[in-house]
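Step one of this worksheet: look at the structure below.
Whatever order the structure lists ligands and atoms in, that order sets their numbers, starting from 1. From a predicted model like this one, the values you see are computed outputs, not experimental measurements.
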Amino acid sequence: MLMITGATGALGKLVTARLADREDVVVGTRTPGPGGRRVDFDDPSSLDFTGVDTLLVISAGAAEDDVVAARHEAVISAAEKAGVGHLVYTSLSGDGDHLTYALAHRWTERRLRRSTLNWTVLRNGLYAEFLAAIAAPGPDGTIAAPLGDGRLAAVAREDLADVAVRVATDPAPHAGRTYELVGEQPLGGADLARALGGRYEPGTLAATREAITAAGQALPFQVPMLLSTYSAIAGGFLDGTGIENNQLRALLGRAPRNALDVYAKTVRG
Ligand SMILES: NC(=O)c1ccc[n+]([C@@H]2O[C@H](COP(=O)([O-])OP(=O)(O)OC[C@H]3O[C@@H](n4cnc5c(N)ncnc54)[C@H](OP(=O)(O)O)[C@@H]3O)[C@@H](O)[C@H]2O)c1
């Protein structure tokens, strides 16, 4: 049996859609439909992985570090206890250590290395769809995201779903491997503006922090998350040059999707 957690999330939906014709796949989610299982990392009583050969753990990262670490500790412990054959974890690319949300991913990777499980770590780069969310144009068509002259090696979420499916459906050759999965075409603010026919006038981090706070939609921990993302891109840390062994193309077995097209399509809705 192959179980997928986080199955109703954006990445999880893409993964489960690709596995829809397989009878041995079980969807694990906090809100299961028919045939699904309730899996809530915050509720240890829901973490029964008896009979699971492979567990694809889609990180549940939208929370404070202590919460995410506790969630991932709970799921790894439960997998060990149930004798799960192989755990595949979606992490963050190795060049992302300056991001505030890197810590919980690295904590989880370390916990996996110390576990009794066979494991594979998929170090996913930031999504082109995420870039569309954080660097969307304003009403006048101007992109004001504080990316400076920096670029992001964004990757299409669909490509990451393809890799996750490939690894999770035949995990043995990938045991003990940590794969870097980032885009091949780094995108900067000027590239994004060109694709949309608009302008790029980067704001400052201070102005952006103020705007995010004033909008009142971000939870307190999300403000530094977003600011560290802009800062790391602007600082040139996420343009892909810091990744020594990008495995995206090899694991896809083809060229990656065009991240700029995905960005533009996502912005246009
Ligand atoms: N690389 C990037 O650009 C990027 C951007 C954003 C986030 N991420 C990370 O990658 C993960 C997957 O991305 P995504 O786009 O699919 O995010 P998403 O749409 O926010 O989905 C995340 C999923 O995490 C699951 N989750 C949350 N709390 C949980 C809990 N207590 N127990 C079990 N599952 C829980 C939920 O699944 P259910 O509702 O099915 O239970 C949720 O749908 C995120 O969680 C985050 O850690 C990466």
A79: partners by side chain to side chain contact (heavy atoms under 4.5 Å, CB included), with sequence neighbours left out: F49, L55, V84, L87, L117
Across all chains, not counting sequence neighbours, the side chain to side chain contact (heavy atoms under 4.5 Å, CB included) partners of R199 are D140, T142, E201
If the criterion is any heavy atom closer than 4.0 Å to an atom of ligand 1, which residues make the list? G6, A7, T8, G9, A10, L11, T29, R30, V39, D40, F41, D42, I58, S59, A60, G61, R71, G125, L126, Y127, F130, R157
So, D159 and R249, do they make that salt bridge, N to O below 4.0 Å? no
Between R114 and E80 (salt bridge meaning N to carboxylate O under 4.0 Å), is one present in this structure? no
Can you name the nearest heavy-atom pair linking I4 to L19, along with the distance? CD1-CD1, 3.5 Å
Would you please name every residue forming a ring-ring contact (aromatic ring centres under 6.0 Å, His included) with Y230, sequence neighbours left out? none
